Amino acid sequence: MSSRYSKRNKFKNWRARRPFWGATLSILSGIIILIVPAQLYEIAAAPGSMIVIGLLLGGLTLLMGVLGYFMPKLSTLLGIVGIFASVLSIMGALGGFLIGTILGIVGGAMMIAWKPIMAPADTQDDSNKTRIAEIEVASSKETISE
């Protein structure tokens, strides 16, 4: 039971340090966008076919989601590229019947909005002490007696 609990904690810690839900929605969006051109692959070689573009943009959306797991520091850039790719996929893959486009926009926005945790809880206590000291100096009054 304890090994299962530790695995759960490890996954929670891993997930907390990444834009997990944004990347997951971007991966799902890429898969949905890729379904349409994959079904029409037989006519992809026809001149003037936009299916190749649908394959490229669906694959790019999928790739941005996967990279969101492994490169969390680049989540803003990956989110922007994922949104553009999912919106442009309307041209070549009908945006996965617009479901993929909507999921790509939401996932990309979540990746853009995600911010990493900069400091552990121990350092936050020090920043509170610093803030209290700044208030004391600014007001020339002692707020906390030692």
Side-chain angles (χ1 to χ4, degrees), residues 1-139 143:
M1 179 79 177
S2 64
S3 66
R4 181 177 179 204
Y5 182 72
S6 66
K7 287 180 183 179
R8 180 177 290 169
N9 281 340
K10 285 180 184 177
F11 179 70
K12 281 184 180 181
N13 290 336
W14 180 83
R15 189 180 69 188
R17 290 177 284 153
R18 285 157 175 74
F20 180 77
W21 291 111
T24 303
L25 287 177
S26 293
I27 290 172
L28 183 62
S29 168
I31 291 171
I32 291 173
I33 291 170
L34 283 173
I35 288 174
V36 174
Q39 297 297 322
L40 302 173
Y41 186 69
E42 295 85 27
I43 61 171
S49 176
M50 299 291 282
I51 294 188
V52 175
I53 293 174
L55 287 170
L56 290 174
L57 292 173
L60 186 62
T61 305
L62 180 77
L63 181 66
M64 293 303 112
V66 170
L67 287 177
Y69 287 144
F70 299 111
M71 297 182 189
K73 291 183 180 181
L74 297 176
S75 66
T76 303
L77 176 67
L78 297 174
I80 291 170
V81 174
I83 288 174
F84 280 135
S86 65
V87 169
L88 290 176
S89 71
I90 293 173
M91 291 184 338
L94 297 175
F97 298 115
L98 293 179
I99 296 169
T101 299
I102 292 170
L103 286 175
I105 291 170
V106 171
M110 289 175 77
M111 287 176 66
I112 292 170
W114 180 80
K115 298 293 177 211
I117 299 171
M118 298 303 286
D122 297 336
T123 335
Q124 290 176 355
D125 293 336
D126 294 336
S127 66
N128 288 338
K129 290 177 185 175
T130 306
R131 193 174 315 127
I132 290 171
E134 289 174 357
I135 292 170
E136 287 177 0
V137 170
S139 67
T143 57

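On a predicted model such as this, the values are computed, not experimentally measured, just so you know.
Considering only heavy atoms from C-beta on, Leu60 stays 4.5 Å or farther from Leu56 through its side chain.
Residue pairs meeting the ring pair (Phe, Tyr, Trp, His ring centres under 6.0 Å) criterion with at least one member in residues 21-40: none, sequence neighbours excluded. Listed by first and then second residue, the side-chain hydrogen bond (donor to acceptor under 3.5 Å, both in side chains) pairs involving residues 94-106 amount to none (not counting sequence neighbours).
Here the NZ atom belonging to Lys73 is positioned 11.5 Å from the CZ atom belonging to Arg17, to the nearest 0.5 angstrom. Taking CG from Leu67 and CG from Leu63, the interatomic distance works out to 4.5 Å, rounded to the nearest 0.5 Å. Interatomic distance, Ile105 CD1 to Thr61 OG1, rounded to the nearest 0.5 Å: 10.5 Å. Summarising the geometry, atom CZ belonging to Arg15 is positioned 10.5 Å from atom CZ belonging to Arg8; distances are rounded to the nearest 0.5 Å.
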- Message: Applying side-chain contact (heavy atoms from CB on, under 4.5 Å) to Ile33 and Leu57, what does each step give before you reach the verdict?
- Response: CA-CA 8 Å; Ile33 291 170; Leu57 292 173; 5.6 Å; no

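Across Leu34 and Gly59, no two heavy atoms sit closer than the pair CD2-N, 3.7 Å.
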Please table the atom pairs, donor to acceptor, closer than 3.5 Å between any side-chain atom in residues 22-30 and protein atoms at least two apart or in another chain.
{"unit_1": "Thr24", "atom_1": "OG1", "unit_2": "Phe20", "atom_2": "O", "d": "2.7"}
{"unit_1": "Thr24", "atom_1": "OG1", "unit_2": "Tyr69", "atom_2": "OH", "d": "2.6"}
{"unit_1": "Ser26", "atom_1": "OG", "unit_2": "Gly22", "atom_2": "O", "d": "3.0"}
{"unit_1": "Ser29", "atom_1": "OG", "unit_2": "Gly100", "atom_2": "O", "d": "2.5"}
{"unit_1": "Ser29", "atom_1": "OG", "unit_2": "Gly104", "atom_2": "N", "d": "3.3"}

Please list every donor-acceptor pair under 3.5 Å in which a side-chain atom of residues 75-99 meets a protein atom from a residue at least two apart or in another chain.
{"unit_1": "Ser75", "atom_1": "OG", "unit_2": "Pro72", "atom_2": "O", "d": "3.4"}
{"unit_1": "Ser75", "atom_1": "OG", "unit_2": "Met111", "atom_2": "O", "d": "3.3"}
{"unit_1": "Ser86", "atom_1": "OG", "unit_2": "Gly82", "atom_2": "O", "d": "3.1"}
{"unit_1": "Ser86", "atom_1": "OG", "unit_2": "Ile83", "atom_2": "O", "d": "3.0"}
{"unit_1": "Ser89", "atom_1": "OG", "unit_2": "Ser86", "atom_2": "O", "d": "2.6"}

